Amino acid sequence: MTTTARAQGATIWLTGLPSAGKTTIARLLGDRLKAEGHRVEVLDGDEIRRFLSAGLGFSKEDRNTNVQRIGLVSEVLARNGVLSVVPVIAPYADSREAVRARHAVSGTPYVEVHVATPVEVCSERDVKGLYAKQASGELSGLTGVDDPYEPPVDPALVLRTQEQSPSESADAVYAALAERGLV
Ligand SMILES: Nc1ncnc2c1ncn2[C@@H]1O[C@H](COP(=O)(O)OS(=O)(=O)O)[C@@H](OP(=O)(O)O)[C@H]1O
Ligand SMILES: Nc1ncnc2c1ncn2[C@@H]1O[C@H](COP(=O)(O)OP(=O)(O)O)[C@@H](O)[C@H]1O
């Protein structure tokens, strides 16, 4: 019987406000990693909310449940050699810490990236029109506006996307992975 070396997986969690740039960076990074031959999954938050987290809303409890489910899936993927890129807001420090702890139990790398775009820039971008809806009173509980966002205290990387192109931001995440021997 022969044994094959297993690739090192990891969870790369991109946390930040709506329109911060999480999805854009995740896709660029995912494409690059795939092109280099890595096993990659981008766990799209919107898709997960349509299926795995269908029925959940945006209360603290529901966001926590959503983040724990995604954390579980990502850890299983990462433990099995996949680079799992997660562009999900995850606004609460305690739920992110629970995800980190789950990874620590299996010795699976967890790389937290703060996509730290200021709310003023995010609301200008307003990719999905949520900031406008909040301003007009059509929506409440928008993260960073009238709902909490607890910034990571000790992330692996902080991205100031208002000063970078999307490719530069994705390259910075790639460099953080390279520093850790993950790519
Ligand atoms: N009230 C409120 N607050 C924040 N975000 C909202 C809200 N309502 C809908 N959306 C849209 O849902 C996406 C957030 O889902 P997530 O699963 O990433 O959020 S969470 O981690 O469970 O908080 C988020 O996606 P992104 O814009 O890609 O961040 C929003 O488009
Ligand atoms: N450095 C950057 N990194 C990521 N996105 C950026 C950057 N600069 C400008 N953008 C733009 O910001 C928007 C971010 O949208 P998106 O990735 O959907 O955000 P999120 O997933 O965080 O809600 C896109 O239109 C993207 O082109």
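Predicted model, so just to flag it, every value in this text is computed and none were measured. Counting convention: from 1, in listed order, for ligands and their atoms alike. All residue numbers refer to positions in the sequence shown, counting from 1.
- Residue-ligand proximity: Leu17 is placed with a non-hydrogen atom under 4.0 Å from ligand 2.
- A heavy-atom separation below 4.0 Å is not found between Asp147 and ligand 1.
- Contact annotation: for Val127 versus ligand 2, heavy atoms closer than 4.0 Å belong to the side chain alone.
- The part of Leu130 lying near ligand 1 is the side chain, judged by heavy-atom distances below 4.0 Å.
- Nearest protein heavy-atom contact of atom 9 (C) of ligand 1 is Phe58 CZ, 3.4 Å.
- For atom 23 (O) of ligand 1, the closest heavy atom belonging to the protein is Arg63 NH1, 2.8 Å.
- Atoms of ligand 2 lying under 4.0 Å from at least one heavy atom of Ile25, given by number and element, are 3 (N), 4 (C).
- For atom 18 (O) of ligand 1, the nearest protein heavy atom (residue, atom name, distance) is Ile89 N, 3.1 Å.
- The protein heavy-atom contact nearest to atom 24 (C) of ligand 2 is Thr24 OG1, 3.7 Å.
- Residues Ser169 and Arg160 bring no donor and acceptor atom of their side chains to less than 3.5 Å of each other.
- With a heavy-atom cut-off of 4.0 Å, Lys22 touches ligand 2 through backbone and side chain alike.
- For atom 29 (O) of ligand 1, the closest heavy atom belonging to the protein is Lys22 NZ, 2.8 Å.
- Residue, atom and distance of the protein heavy atom nearest to atom 9 (C) of ligand 2 are Arg125 NH2, 3.3 Å.
- Near Val67, the atoms of ligand 1 lying under 4.0 angstrom from a non-hydrogen atom of the residue are 21 (O).
- Between the CG atom of Leu43 and the CG atom of Leu14 there is a distance of 11.0 Å, given to the nearest 0.5 Å.
- Side-chain atoms of Arg96 come within 3.5 Å of backbone atoms of Ala90 as a donor-acceptor pair (strictly under, hydrogens ignored).
- The shortest heavy-atom distance from Gly16 to ligand 2 is not under 4.0 Å.
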Audit row: Thr108, Arg102, side chain to side chain donor-acceptor pair (under 3.5 Å) steps and yes/no: CA-CA 9 Å; Thr108 304; Arg102 176 187 289 284; over 6 Å; no
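- No hydrogens or angles considered: nothing links the side chains of Thr11 and Glu75 as a donor-acceptor pair under 3.5 Å.
- Between atom 20 (S) of ligand 1 and the options Ile70, Leu142, Val145, Asn66, the minimum heavy-atom separation is to Asn66.
- In terms of protein heavy atoms, atom 28 (O) of ligand 1 is closest to Lys128 NZ, 3.2 Å.
- When every heavy atom of Gln68 is checked against every heavy atom of Ala98, the shortest pair comes out as OE1-CB, 3.6 Å.
- The closest heavy-atom contact to atom 7 (C) of ligand 2, among the options Gly45, Pro166, Ser169, Cys122, comes from Pro166.
- Residue-level proximity to ligand 1 for Val127 is absent, since no heavy atom of it falls below 4.0 angstrom.
- Ligand 1 places these atoms under 4.0 Å from at least one heavy atom of Pro91: 21 (O), 23 (O).
- Relative to the ring axis of Phe58, Arg49 places its NZ or CZ within 45° and under 6.0 Å from the centre.
- Within the listing of ligand 2, atoms 1 (N), 2 (C), 8 (N) sit less than 4.0 angstrom from a heavy atom of Gln164.
- Between atom OG of residue Ser19 and atom CG of residue Leu130 there is a gap of 7.0 Å, rounded to the nearest 0.5 Å.
- When heavy-atom distances to ligand 2 are checked against a 4.0 Å cut-off, Ser165 comes that close only through its backbone atoms N, CA, C and O.
- Protein heavy atom at the shortest distance from atom 23 (O) of ligand 2 is Ser19 N, 2.7 Å.
- To the nearest 0.5 Å, the span separating CD on Gln134 from CD on Glu138 amounts to 11.0 Å.
- Shortest contact from atom 4 (C) of ligand 1 to any protein heavy atom: Thr143 OG1, 3.3 Å.
- Expressed to the nearest 0.5 Å, how far CG of Asp171 lies from CG of Leu29 amounts to 9.0 Å.
- Here OG of Ser84 is found 8.5 Å from CH2 of Trp13. Values are rounded to the nearest 0.5 Å.
- Judged by a 6.0 Å distance limit and a 45° cone about the ring axis, Arg32 is positioned over the six-membered ring of Tyr174.
- Looking at heavy atoms from C-beta onward, Asn66 lies in side-chain contact with Ile48 at the 4.5 angstrom threshold.
- Between the side chains of Ser165 and Ser167, no donor N or O sits under 3.5 Å from an acceptor N or O.
- For ligand 1, one of its N or O atoms has an N or O atom of Gly141 under 3.5 Å away.
- With respect to atom 21 (O) of ligand 1, the closest heavy atom belonging to the protein is Ala90 N, 2.8 Å.
- Inspection of the Tyr149 and Thr15 side chains reveals an N or O donor paired with an N or O acceptor under 3.5 Å.
- Both the backbone and the side chain of Thr23 come within contact range of ligand 2, each with a heavy atom under 4.0 Å.
- Using a 4.5 Å heavy-atom threshold, the side chains of Glu112 and Ile12 count as separate.
- Nearest to atom 19 (O) of ligand 2 among the protein's heavy atoms is Gly21 N, 3.1 Å.
- Residue Asp126 comes nearest to Tyr131 through the heavy atom pair OD1-N, 2.9 Å, listed as atom of the first residue, atom of the second, then distance.
- With respect to atom 16 (P) of ligand 1, the closest heavy atom belonging to the protein is Arg49 NE, 3.7 Å.
- Distances shorter than 4.0 angstrom occur between a heavy atom of Pro18 and an atom of ligand 2.
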